[in-house]
Number of protein chains: 2
Amino acid sequence: MDEDKVFKALADPSRRRLLDLLFEQNGQSLGQLCEHLDMARQSATQHLEILEAANLVSSIKQGRVRLHYINPVPIHEVYERWVRKFERERLSLLHELKTQLEGE
Amino acid sequence: MDEDKVFKALADPSRRRLLDLLFEQNGQSLGQLCEHLDMARQSATQHLEILEAANLVSSIKQGRVRLHYINPVPIHEVYERWVRKFERERLSLLHELKTQLEGE
DNA sequence: TTGACATGCAGGCATATACCTGCACAATAG
DNA sequence: CTATTGTGCAGGTATATGCCTGCATGTCAA
């Protein structure tokens with residue numbers, strides 16, 4: 001997994017919206033997705049390409065439509081590799097910060 | 001929490017590195033952090049400002065140094081609000097995708 | 001006070017990003 | 001076949017981003 005691509009892909013609200021839309025209904029075409037997206041079709045295409053490059057979305061051409069499927073695995077990996085360690089220390093760090101502040 | 005600021009703050013590798021450094025040792029000064037960062041001090045300052053705006057880092061001026069403290073709460077909130085629902089459906093979606101692909 | 005050190009602030013530059021228009025191609029319906 | 005529909009591809013532009021230099025400010029030690 002390319003961690004950086006995943007984070008950069010998630011950095012844009014339009015792309016998070018696309019993932020939300022695919023989460024609501026998996027396997028949508030470009031046209032379907034655009035109906036919810038107040039932007040030109042070509043812009044949505046570029047966003048979907050970025051999501052695909054990050055392996056967050058897979059697409060399959062079926063006849064003349066291209067269907068898009070969400071892939072939650074990279075998000076899970078980001079959580080595993082990156083969020084969890086912070087989570088683990090969350091309360092103790094908060095306590096530490098509080099102590100430091102009180103020591104001013 | 002401003003979800004977009006958190007995602008955008010996390011999108012840059014230098015900023016993730018800063019969070020890693022603060023995770024290793026909390027309460028470091030700008031100078032200390034720069035020693036690990038192959039960039040000008042002013043660039044690091046800008047990254048830290050973005051992290052502060054996202055509430056991922058808090059800083060306190062203590063004499064002539066400014067100390068920086070990590071705040072894992074927004075990361076946790078991103079996980080709660082955004083990652084968890086994908087996590088919840090992860091296996092079932094994978095199964096669904098597999099089924100669709102086999103149907104080609 | 002004065003020199004040294006850590007940081008703050010202003011601005012400038014190159015690249016990346018997000019958006020668009022215009023045209024081309026492929027598949028299906030009639 | 002032909003028109004329609006859905007998508008692919010090539011660019012062009014405005015803004016955002018990340019990096020820098022130069023100078024100003026503030027704090028501590030001697």
Side-chain angles (χ1 to χ4, degrees), chain A residues 2-22 25-70 100 103-104, chain B residues 2-22 25-70 100 103-104:
Chain A
D2 188 330
E3 182 182 272
D4 195 54
K5 282 187 181 174
V6 175
F7 276 110
K8 290 214 163 113
L10 292 174
D12 187 89
S14 298
R15 290 193 286 270
R16 292 199 299 278
R17 177 101 177 95
L18 278 167
L19 288 177
D20 275 331
L21 289 170
L22 289 177
Q25 186 190 335
N26 211 14
Q28 294 188 65
S29 70
L30 175 59
Q32 283 179 287
L33 292 168
C34 282
E35 290 172 10
H36 304 277
L37 275 189
D38 199 30
M39 66 171 62
R41 174 183 57 81
Q42 289 85 343
S43 306
T45 301
Q46 292 183 337
H47 285 304
L48 286 167
E49 282 170 0
I50 290 169
L51 289 169
E52 282 204 56
N55 200 29
L56 286 160
V57 163
S58 302
S59 70
I60 301 160
K61 188 141 194 181
Q62 202 162 46
R64 66 179 165 182
V65 302
R66 178 174 289 281
L67 302 180
H68 299 84
Y69 296 90
I70 197 169
Q100 294 257 10
E104 296 296 295
Chain B
D2 187 329
E3 182 182 273
D4 195 55
K5 283 187 181 176
V6 176
F7 276 110
K8 290 212 163 115
L10 292 174
D12 186 88
S14 299
R15 291 194 284 272
R16 291 198 300 277
R17 178 101 176 96
L18 279 168
L19 289 177
D20 275 331
L21 289 170
L22 289 176
Q25 186 190 334
N26 211 16
Q28 292 188 65
S29 70
L30 175 59
Q32 282 180 288
L33 292 167
C34 281
E35 289 171 11
H36 305 277
L37 275 187
D38 200 31
M39 65 172 62
R41 175 182 55 81
Q42 290 84 344
S43 306
T45 301
Q46 292 183 339
H47 285 304
L48 286 167
E49 282 169 0
I50 289 168
L51 289 169
E52 282 204 59
N55 199 30
L56 285 161
V57 163
S58 303
S59 69
I60 303 162
K61 189 141 191 180
Q62 203 165 46
R64 66 179 163 180
V65 302
R66 177 174 289 281
L67 302 180
H68 299 83
Y69 296 90
I70 196 169
Q100 295 258 7
E104 294 297 295

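Numbered from 1 within each chain, the chains take letters A, B, ... in sequence-line order.
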Rounded distance in Å - NE2 (A:H68) to P (D:dG6): 14 Å
Just to verify, what does B:E52 make a salt bridge (Lys or Arg N to Asp or Glu O under 4.0 Å) with, not counting sequence neighbours? none
Taking only the side-chain nitrogens and oxygens of B:S29, find out if one of them lies under 4.0 Å from OP1 or OP2 of C:dT7. yes
Considering just the side-chain nitrogens and oxygens of A:R66, establish if one lies under 4.0 Å of OP1 or OP2 belonging to D:dG8. yes
Expressed as a whole number of angstroms, how long is the span from A:Q32:CD to D:dT7:C1'? 14 Å
What is the distance from CZ of A:R16 to P of C:dA18, rounded to the nearest Å? 11 Å
Nearest heavy-atom contact between B:R66 and B:S59 is NH1-OG, 2.8 Å
Under 4.0 Å protein heavy-atom contact, by nucleotide of nucleotides 19-30 of chain D - B base, S sugar-phosphate only: BBBB----BS--
Residues within residues 48-56 of chain B bordering DNA chain C, heavy-atom distance below 4.0 Å: none
Specify the closest pair of heavy atoms between B:A9 and B:L51, including all atoms of both residues, with the distance to one decimal. CB-CD2, 4.1 Å
Residues in side-chain contact (heavy atoms from CB on, under 4.5 Å) contact with A:Q25, at least two apart in sequence or another chain: A:Q28, A:Q32
Please identify which of these residues, A:L22, A:L10, A:L18, meets the side chain to side chain contact (heavy atoms under 4.5 Å, CB included) condition with A:L56. A:L10
Separation of B:I60 CD1 from B:H68 NE2 (nearest 0.5 Å): 10.0 Å
Expressed in angstrom and rounded to an integer, what is the separation of A:D4 atom CG from D:dT17 atom C1'? 14 Å
For residues 36-50 of chain B, which side-chain donor-acceptor pairs fall under 3.5 Å, sequence neighbours excluded?
from: B:T45; atom 1: OG1; to: B:R41; atom 2: O; distance (Å): 3.1
from: B:H47; atom 1: ND1; to: B:R15; atom 2: NH1; distance (Å): 3.0

Taking only residues two or more places apart in sequence, or in another chain, which ones meet B:R16 in a salt bridge (Lys or Arg N to Asp or Glu O under 4.0 Å)? A:E3, A:D4
So how far off straight is the helix from C:dT1-D:dA30 to C:dG30-D:dC1, going by the axes through five pairs at either end, to 10°? 30°
Report the distance from atom CG of B:L67 to atom C1' of C:dG8, rounded to the nearest whole Å. 16 Å
Rounded to whole angstrom units, what separation is found between the CG atom of B:L37 and the P atom of C:dT7? 13 Å
Side-chain contact, heavy-atom cut-off 4.5 Å: A:E35 with A:S29? no
To the nearest Å, how far apart are A:F7 CZ and C:dA16 C1'? 19 Å
Could you work out, with salt bridge (Lys or Arg N to Asp or Glu O under 4.0 Å) as the rule, every residue matching B:D2, not counting sequence neighbours? none
